[in-house]
Protein chains: 2
Amino acid sequence: MNMLSRTEEMLLLAVCRLQTEAFGINIRKEVEALTGKRYSVGGIYVPLDRLVKKGFLSTKTGRATENRLGRPKRLFTISSVGLAALREARSLYEAMWASLPEPVVKQLTFSG
Amino acid sequence: MNMLSRTEEMLLLAVCRLQTEAFGINIRKEVEALTGKRYSVGGIYVPLDRLVKKGFLSTKTGRATENRLGRPKRLFTISSVGLAALREARSLYEAMWASLPEPVVKQLTFSG
DNA sequence: GGAAATACTCTATAAAGTAGAATAATTCAT
DNA sequence: ATGAATTATTCTACTTTATAGAGTATTTCC
């Protein structure tokens with residue numbers, strides 16, 4: 001068994017959500033906005049590159065002529081393997097939370 | 001922000017689920033049965049001890065007279081801090097998966 | 001060509017994940 | 001009381017992942 005880490009799942013979902021705007025700086029911003037998790041400026045590329053290496057993401061440099069200043073973006077897209085991993089991760093997550101003993105459910109639902 | 005890793009969340013939930021039978025070997029077995037994730041015999045204690053150190057779990061040795069062979073169990077129970085962390089983790093998880101673009105939802109729901 | 005803007009690469013360090021051999025604590029038979 | 005069988009944990013070395021931030025690259029505009 002080889003389940004996605006939370007980081008991996010979070011980043012794959014961020015890429016999905018950002019669609020054509022999924023590049024490093026945006027992904028970093030998106031993740032922070034959504035979960036509060038912060039990365040240093042360059043720190044986001046470490047796990048992203050790992051996901052590419054593992055075949056969950058693919059990446060290519062955006063076209064130069066974008067009519068704006070600055071270095072080209074490196075865009076990320078999720079692969080079919082990545083989508084499958086997300087489905088699997090979700091399903092495992094449900095299993096983890098399923099059928100907890102009733103007293104525990106109570107403690108988790110309300111603030112006890 | 002300091003969210004639980006998937007390992008941490010999984011182990012806290014396993015402890016909750018096992019209630020009075022939450023000790024190393026059982027937790028290891030429970031996790032494997034539920035998620036397919038395997039730990040080596042001793043490997044389960046590394047993250048468990050970390051959770052104790054962080055205050056999410058507490059632990060104490062089970063009573064000697066249990067009328068069975070073998071070394072005493074080291075039982076784990078979740079703390080109120082641990083429960084709060086679980087609630088937080090769940091809520092963050094929902095946020096991660098919320099409001100994905102419709103085409104992505106389709107790809108994730110069916111096997112495409 | 002130089003400044004401003006935008007975004008990425010690289011690398012060192014800390015933390016977490018992983019495996020498995022070794023050891024400990026108990027009961028039972030003798 | 002001693003040794004075998006049983007049950008469970010401790011220890012630790014190694015690999016992988018997380019994290020921060022300085023440095024660098026690419027582009028446009030003047």
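Within every chain, numbering begins at 1; the chains are lettered A, B, ... in the order of the sequence lines, protein sequences first and strands thereafter.
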Under 4.0 Å from OP1 or OP2 of [N]: is there any side-chain N or O of [X] that close?
X	N	result
B/Lys37	C/dT18	yes
A/Arg74	C/dT9	yes
B/Lys29	D/dT7	no
A/Arg50	D/dA18	yes
B/Thr7	C/dG17	yes

(message) Given C/dA4, D/dA8, C/dT18, identify the nucleotide with an atom nearest to the side chain of B/Pro47.
(response) C/dT18
(message) Let me spell it out: for each of B/Arg71 and A/Gly70, pick the nucleotide of DNA chain D with the closest heavy atom. Which residue's pick is nearer the 5' end?
(response) B/Arg71
(request) Starting at atom CZ of B/Phe56, determine the distance to atom P of C/dA16, rounded to an integer number of angstrom. (result) 11 Å
Do the side chains of [X] and [Y] get close enough for a salt bridge, i.e. N-O under 4.0 angstrom?
X	Y	answer
A/Glu21	A/Lys73	yes
B/Arg28	B/Glu32	no
B/Glu9	A/Arg6	yes
B/Arg74	B/Asp49	yes

When we call it a touch if two heavy atoms are under 4.0 Å apart, what does [X] touch: a base, just sugar-phosphate, or nothing?
X	value
B/Gly42	base
A/Arg6	nothing
A/Lys53	nothing

(message) Between B/Val46 and A/Gly43, which residue's closest nucleotide on DNA chain C lies nearer the 5′ terminus?
(response) A/Gly43
